[in-house]
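Notes follow the structure.
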Amino acid sequence: MTDEFSPTPGGLTTAQTIRAYAVSGFALVHLAAIAGVLLVPFSWKAAALCAGSYYLRMFGVTAGYHRYFSHRTYRLHRGWQFALAFLAQTSAQKGVLWWAGHHRHHHRQSDQPSDIHSPLQHGFWWSHIGWILSEEHIETDHRAIADFSKYPELRWLNQHNSIPAIAYAVLLTAVFGLQGLVYGFLLSTVLLWHGTFMINSLMHLFGRRVYDTNDDSRNSFLFAVLTMGEGWHNNHHYYPGTAAQGFRWWQIDPTYYLLRLLETVGIVRDLRRRPAASRLQQAG
């Protein structure tokens with residue numbers, strides 16, 4: 001797998017070649033969600049189920065894929081590590097090692113020509129979803145995630161990345177019927193996809209820059225609400241080594257609050273706190 005992205009005039013590069021079957025699968029889930037919402041009657045229970053499923057799995061993405069597996073901002077026992085990876089993969093965003101390995105590359109090359117999902121370099125739609133569907137980025141770069149690739153259970157989970165999402169869909173359908181499938185899984189999955197992807201795309205285009213980083217990352221209160229704290233993206237790129245992304249008291253960061261709670265009951269260990277005020281030099 002190569003990390004380079006070299007645009008050429010007049011067409012798509014190798015890295016920009018889209019897999020037709022991936023686009024078909026992505027479109028099918030969207031169409032199934034729309035059809036399901038039209039066919040299955042709306043209720044406030046269904047809306048609550050959709051929101052609960054969205055935020056449960058958003059926690060798996062933010063606390064798991066991102067703050068744990070990508071940045072190692074806290075520690076877990078091996079059993080909890082597997083459980084968090086499983087929860088994260090119910091989001092249907094490919095395998096835990098694949099996700100974290102690519103994210104580490106993003107931080108090394110953020111908004112540079114070789115950043116595989118920079119909207120500044122390659123456009124909004126490519127950064128939002130195109131790179132995931134491309135031929136170039138199918139494989140897991142185990143060199144980039146060697147610290148977690150050493151666990152056979154994580155390699156198995158990464159290789160069979162659809163199992164958690166399928167199991168989650170079956171469970172919701174068994175417990176809640178068609179509402180569980182449509183609102184709890186299909187609709188919430190589509191919303192979760194775009195909620196996660198907009199951190200790659202919109203959060204490098206819109207919002208406020210507080211810290212002078214080497215990329216164009218931004219902060220947004222609205223996106224922080226939608227993504228359980230990930231909207232403080234400029235904060236994160238300024239100080240990626242902390243489990244917190246909201247640095248000020250008013251910068252809500254539900255993922256960090258839940259991690260603090262899990263620390264009090266002994267599940268999370270060595271949680272990296274917010275940086276000291278002296279480290280947070282305001283830009284401008």
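Any value given below was found using the heavy atoms of this structure, including those in side chains, with hydrogens, waters and symmetry copies removed. If you read the sequence from its start, that first residue is 1, and numbering goes on from there.
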According to the interplanar angle, ranging from 0 to 90°, do the rings of Tyr68 and Tyr74 count as parallel (below 30°), tilted (30 to 60°) or perpendicular (above 60°)?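 Taking Tyr74 first and then Tyr68, their aromatic rings sit tilted (interplane angle of 30° to 60°).
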
Starting from the C-alpha separation in whole Å, work towards a yes-or-no answer on ring-ring contact (aromatic ring centres under 6.0 Å, His included) for Trp156 and His160. CA-CA 6 Å; Trp156 180 88; His160 302 89; 4.9 Å; yes

Could you tell me if [Y] and [X] have a donor-acceptor pair between their side chains, going purely by distance under 3.5 Å?
X      : Y      : answer
His102 : His106 : no
Thr140 : Asn158 : yes
Ser201 : Ser127 : no
Gln93  : Trp99  : yes
Gln112 : Ser118 : no
Arg273 : Thr242 : no
His137 : His117 : no
His204 : Asp111 : yes
Ser70  : His103 : no
Ser149 : His142 : yes

As a quick check of understanding, evaluate side-chain hydrogen bond (donor to acceptor under 3.5 Å, both in side chains) for Tyr168 and Ser53, giving each step before the final call. CA-CA 10 Å; Tyr168 184 71; Ser53 179; 2.7 Å; yes

Same cluster for Leu181 and Leu31 if Ile/Leu/Val/Met/Phe/Trp/Tyr side chains link at under 4.5 Å? no

Whether Asp253 and Arg260 form a salt bridge (side-chain N of Lys/Arg under 4.0 Å from carboxylate O of Asp/Glu) is what I want to check.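 Salt bridge: no.
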
Does Tyr257 have more than 12 heavy atoms from other residues, nucleotides or ligands lying within 6.0 Å of its OH?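 Atom OH in Tyr257 is crowded, with more than 12 foreign heavy atoms closer than 6.0 Å.
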
Return the set of residues passing salt bridge (Lys or Arg N to Asp or Glu O under 4.0 Å) with Arg75 (not counting sequence neighbours), or none when no residue passes.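 Testing Arg75 for salt bridge (Lys or Arg N to Asp or Glu O under 4.0 Å), a comparison that skips the adjacent residues, returns Asp270.
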
Full working for side chain to side chain contact (heavy atoms under 4.5 Å, CB included) between His128 and Asn200: CA-CA 6 Å; His128 191 73; Asn200 293 338; over 6 Å; no

